[in-house]
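Read through the structure below, which is laid out as structure tokens, and then see the notes.
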Amino acid sequence: MQSPRSTRSALRSAIRNALFCSGLALGTALPALAQADSAHTQAYQISAGPLAEVLGRFASAAGVALSFDAALLQGRQSQGLQGQYGVEDGFARLLQGSGLQAVRQAEGIYGLTPQPQAAVASPAPSRVAGDVLRLQDTEVTVSTLRGDTAVGQTSQRVTVIDRQQIERQLALSSDPGAVLANLIPSYSPSRQKLSNAGETLRGRAPQFLVDGVPQASSLRNDGRSSYTIDLQQVERIEVIHGASAEHGGGATGGIINFISRRPQGYGVRQHAGVSLESDDAFSSDGFGYKLNYRVSAQQGDWEALFGSTWQSRGMFYDGDNTRIGVAYPGEIQDTRDRDLMLKLGYWIDDAQHLQFSANHYRLTGNNDYLPVLGDRDAGIPTSATRGDVPGEAPFNENRQYSLDYSHSDWFGNILDVQLYQQRYRGQFGALLSGSFQDPGIAPVGTFWEQSRSDSEKLGGKLTLRRTGLFDGLLDLAGGLDLMRDEGEQVLVLSNRSYVPPSTYDNQAGFLQGDLHLGERLTLMAGVRREHAELDVDDFHTVWGTNNAGGVDVGGGTLSFAKTLSNYGFTYQANDWAQFYGSYSEGFGMPDIGRVLRAVDTPGQDVENLLELEPIITRSNELGLRLNFSDVDLELSYYESSSNLGERLSVNSAGNYIANRERVEIQGYELTGNWRLNQGHSLRASYTHSEGESDTDDDGKVDTKLTGLNIAPDQFSLSWNAQWNDDWASYLQYNLYRSREFDDPRLKFDGYALLAASVSRRLPLGSLSLGIDNLLDEDYFTYYSQSARVADDYNFKGRGRTFTLAYQVEF
């Protein structure tokens with residue numbers, strides 16, 4: 001009988017050989033890419049019926065996979081297809097007059113996208129009855145904007161990351177932080193850790209949403225809110241740059257909204273995928289794998305979707321083939337995670353849609369490795385060694401449920417209602433910290449402890465929109481948001497309360513309007529009234545707060561009421577140039593838990609804590625959009641300021657400190673896309689930002705923000721190539737420029753990373769090979785160089801990493 005160790009060795013050998021052979025097969029066939037025949041035709045006799053069903057029958061007969069949003073075609077009919085056609089000609093014939101086209105994606109699956117200069121139905125569910133093919137003549141809209149403003153018509157910069165872009169990034173890395181950093185201008189480089197503290201957007205904290213539901217706790221932001229859903233479950237990512245009050249508090253830097261998948265295609269559609277990951281030395285503990293499965297069904301008025309992912313990550317290795325160190329706030333290396341998602345939808349009639357959604361995500365560390373301290377001054381990185389790790393394994397757990405109702409013609413209005421519940425638990429690793437010591441438990445300096453953040457939200461959102469008032473002059477949107485967030489931070493091993501149980505209630509009403517002054521000029525303005533109430537019971541801080549047994553703190557109720565405004569414009573100068581500008585305000589609470597647990601003044605009352613005052617951020621932006629036939633460019637300049645902002649720093653004990661002081665940030669973002677031909681496109685961007693804070697409280701900013709708060713200047717270039725029906729490739733280059741700070745101990749040397757992937761369509765499914773950090777750059781992360789001076793946080797970034805993936809649609 002073969003031993004388990006021999007079995008594991010054989011498995012590692014098989015994976016290593018698979019990675020090598022697949023890379024060889026993909027690479028040696030690349031010169032022959034352009035020789036494939038994409039014009040093969042065959043005869044079709046497809047009868048009339050619902051368009052979604054007809055498209056599905058055509059795709060099946062043609063032997064290709066098709067994926068699309070069923071809501072786009074719900075209730076629409078097709079006359080079918082008869083005659084001799086190629087695949088693309090057949091799709092073009094069926095979609096004629098719809099404003100849509102079928103585009104073959106890198107993974108071999110066809111998807112429906114807008115035709116150039118054409119319009120596509122809004123993501124808001126709607127369908128039109130009838131016996132002929134037709135689509136509403138409306139534009140692609142951004143659902144994160146409560147008024148569903150069309151893409152390219154916003155007074156703020158908006159980035160929409162589609163599924164194809166997400167797939168290209170996942171072919172290189174499964175780290176959400178890396179995906180966001182590669183695709184969102186002015187987003188900080190990934191820390192490559194579970195904690196995203198220090199990952200900012202335009203120098204401030206972004207608000208993370210999943211289908212519009214806030215992810216971060218209003219009471220204790222533990223920096224993990226971008227790790228609450230697997231990206232395999234995400235259809236697109238919508239990003240609003242700059243301060244925003246669209247979805248309440250927390251968006252002082254912007255909004256990042258993960259829009260989950262919806263049922264796609266008529267009938268039953270299934271997807272399965274597997275991927276293998278390894279460092280370039282194929283280290284025994286560096287292997288990882290991921291499995292995902294999804295089934296989508298639509299029949300009559302019913303639709304359903306079930307998606308699941310299972311992932312196991314190995315240890316990460318740097319460019320010197322040394323294990324990267326582990327950090328107590330949490331890791332994504334040496335972890336396992338799973339995500340289960342369920343959606344059930346029902347069309348009440350052609351205008352009304354009801355949907356229930358549930359998503360369960362959990363990431364758990366294996367707790368197999370101890371940190372090996374580095375030496376920052378000597379340039380020695382923090383590494384890791386296998387050992388007996390104190391305490392329980394760190395984890396992230398997120399459970400979210402929502403019930404969504406939409407009515408596309410409620411007395412001439414569009415009505416959206418959402419009710420949601422979200423339960424989040426995030427546990428940190430064990431730490432021998434002075435903050436956790438208590439002589440009543442163990443001798444000071446000997447007690448290992450770990451904390452866990454618990455949060456439960458209940459909320460609802462109501463949005464009512466009306467377009468075309470006064471002969472198309474005015475569009476209005478208004479609504480009401482309600483939320484209750486109950487939370488606590490506990491010390492797990494000693495069962496102590498680190499942050500006392502607290503309740504945060506928030507109510508807000510808003511009104512937004514777009515005034516169309518002719519065909520060229522549109523003015524936008526809006527107002528949102530926020531009312532928040534924080535209730536904290538009397539509590540006693542832990543002994544280590546001031547090393548004298550803690551202090552009693554009087555509880556109480558704090559109330560805040562703020563009116564936030566925004567206004568802006570877009571001016572279409574001609575067919576290819578548009579100017580835009582905006583002023584917007586964002587509302588955010590400071591890290592309440594961090595403030596409460598740090599109180600060290602006896603007799604202090606919660607109601608008198610200035611540090612609990614809300615953060616009001618004011619953002620100004622001017623931009624230019626240029627759109628030619630094959631080239632589009634966007635340039636935006638922004639400034640933001642907050643009189644009582646929040647600047648993160650690290651104290652002598654290694655703990656984050658939230659400093660309340662004036663903060664000013666400015667910068668610009670330049671992005672461009674060039675469609676070389678039907679199969680090749682280039683994308684480039686350059687971002688610059690700088691910021692200062694008022695550290696001496698004299699009313700003037702005087703100290704440069706560090707890497708904890710602001711991103712480095714970045715140049716990015718990518719080339720996407722669809723060589724023919726079967727082959728595709730992707731090349732990506734990121735250059736992070738060096739930067740200096742007022743603190744001489746912090747200096748960023750800069751680095752450049754190159755990544756590439758190639759994919760091949762097979763008779764059944766598709767195969768891809770991605771190589772992240774292709775040149776095996778050996779570097780320290782931006783966070784380690786510029787955010788904190790600590791030997792235990794002196795981490796390098798990942799070296800060359802291979803990802804081999806296979807996926808199939810059936």
Side-chain angles (χ1 to χ4, degrees), residues 157-159 161 165 168-169 172-173 175 177-192 198-203 206 237 239 241-242 253-254 319 621 623-626 631-638 665-676 680-691 704-707 709-721 729-741 747-757 770-787 797-800:
R157 186 185 182 98
V158 171
T159 298
I161 301 169
Q165 293 173 290
R168 294 184 197 119
Q169 295 300 318
L172 304 171
S173 173
D175 176 13
V179 173
L180 298 178
N182 288 331
L183 296 176
I184 301 176
S186 297
Y187 189 87
S188 297
S190 171
R191 289 182 57 183
Q192 302 177 17
E199 293 181 11
T200 61
L201 177 58
R202 289 189 172 180
I237 304 172
V239 184
H241 299 248
E621 182 172 5
L624 170 66
R625 298 184 179 108
L626 302 177
V631 177
D632 62 77
L633 298 169
E634 183 168 1
L635 171 65
S636 57
Y637 172 80
Y638 63 87
I665 298 171
Q666 54 274 333
Y668 59 84
E669 300 163 347
L670 173 64
T671 60
N673 298 280
W674 183 14
R675 291 165 290 279
L676 302 174
H680 296 257
S681 62
L682 296 176
R683 178 179 176 83
S685 68
Y686 184 79
T687 63
H688 166 78
S689 60
E690 56 187 50
K704 291 180 181 178
L705 296 177
T706 71
N709 301 276
I710 205 162
D713 293 357
Q714 177 186 1
F715 170 73
S716 297
L717 179 65
S718 64
W719 170 31
N720 183 57
S729 63
Y730 180 71
L731 190 67
Q732 174 179 281
Y733 174 77
N734 285 320
L735 171 65
Y736 296 102
R737 296 186 59 190
S738 60
R739 168 168 281 180
E740 294 185 351
F741 306 92
K747 181 182 179 181
F748 178 54
D749 294 329
Y751 53 81
L753 300 175
L754 185 67
S757 67
I771 308 176
D772 200 15
N773 194 357
L774 182 66
L775 302 181
D776 208 18
E777 178 80 6
D778 192 27
Y779 66 99
F780 287 90
T781 65
Y782 177 69
Y783 180 89
S784 296
Q785 293 187 57
S786 64
R798 295 190 77 177
R800 184 186 294 119

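Residues take their numbers from the sequence shown, with the count starting at 1. Side chains included, hydrogens not; waters and symmetry mates left out as well; all remaining heavy atoms used.
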Fill in: Sequence-distant partners of L670, side chain to side chain contact (heavy atoms under 4.5 Å, CB included), two or more places apart
L635
Non-hydrogen side-chain atoms of [X] and [Y] separated by less than 4.5 Å:
{"X": "Q169", "Y": "Y730", "value": "yes"}
{"X": "T159", "Y": "L183", "value": "no"}
{"X": "T781", "Y": "R191", "value": "no"}

Worksheet item: What do the steps show when you test L180 against V239 for side-chain contact (heavy atoms from CB on, under 4.5 Å), and what is the final call?
Response: CA-CA 10 Å; L180 298 178; V239 184; over 6 Å; no
Search all heavy atoms of [X] against all heavy atoms of [Y] and return the closest pair with its distance.
{"X": "G177", "Y": "E199", "result": "CA-OE1, 4.1 Å"}
{"X": "A711", "Y": "P189", "result": "CB-CD, 4.5 Å"}
{"X": "S186", "Y": "E669", "result": "OG-OE2, 2.7 Å"}
{"X": "G770", "Y": "L172", "result": "CA-CD2, 4.1 Å"}
{"X": "Q714", "Y": "N734", "result": "NE2-OD1, 3.3 Å"}
{"X": "L201", "Y": "P185", "result": "CD1-O, 3.7 Å"}

Item to complete: Report the C-alpha separation of S636 and E634 in whole Å, then their side-chain angles, then the decisive distance to 0.1 Å, and conclude whether the side-chain hydrogen bond (donor to acceptor under 3.5 Å, both in side chains) test is met.
Response: CA-CA 7 Å; S636 57; E634 183 168 1; 5.5 Å; no
Practice prompt. Say whether, by atom type as modelled, one donor and one acceptor occur between the side chain of S716 and the main chain of S685 under 3.5 angstrom.
Written response: no
Discussion item. Whether the side chain of Q192 engages the backbone of R798 through a donor-acceptor N/O pair (distance < 3.5 Å, no angle test) should be reported.
Written reply: yes
Item to complete: Any chance you could lay out the side-chain contact (heavy atoms from CB on, under 4.5 Å) test for Y637 and Q666, step after step, and finish with the verdict?
Response: CA-CA 8 Å; Y637 172 80; Q666 54 274 333; 3.8 Å; yes
Worksheet item: Pick one: which of N720, L754, L682, L717 meets side-chain contact (heavy atoms from CB on, under 4.5 Å) with L731?
Response: L754
Item to complete: Would you kindly say whether D772 and S173 are connected by a side-chain donor-acceptor distance under 3.5 Å?
Response: no
Item to complete: Look up atom CG in D749 and atom OG in S786, then write down how far apart they are to the nearest 0.5 Å.
Response: 10.5 Å
Worksheet, complete the sentence: To the nearest 0.5 Å, atom CH2 of W719 lies from atom OG of S729 at 5.5 Å
Worksheet item: Can you list the residues that meet the salt bridge (Lys or Arg N to Asp or Glu O under 4.0 Å) rule with E621, with sequence neighbours excluded?
Response: R202
Worksheet item: Centres of the Y736 and Y751 rings: under 6.0 Å?
Response: yes
Worksheet item: Is it true that D632 and R625 have a side-chain N and a carboxylate O under 4.0 angstrom from each other?
Response: no
Discussion item. Using the rule given for side-chain contact (heavy atoms from CB on, under 4.5 Å), can you reason through R739 versus D713, listing the C-alpha separation, both sets of side-chain angles and the distance that settles it, and then say yes or no?
Written reply: CA-CA 8 Å; R739 168 168 281 180; D713 293 357; 3.2 Å; yes
Worksheet entry | Stepwise side-chain hydrogen bond (donor to acceptor under 3.5 Å, both in side chains) test for T671 and R157 | CA-CA 11 Å; T671 60; R157 186 185 182 98; 2.8 Å; yes
Worksheet item: Mind checking whether Y668 and Y686 have parallel, tilted or perpendicular rings, split at 30° and 60°?
Response: tilted
Worksheet item: Going through the distances and angles, do T687 and Y187 end up as a side-chain contact (heavy atoms from CB on, under 4.5 Å)?
Response: CA-CA 9 Å; T687 63; Y187 189 87; over 6 Å; no
Worksheet item: With a cut-off of 6.0 Å (strictly less than), are more than 12 heavy atoms of other residues, nucleotides or ligands near CZ of R737?
Response: no
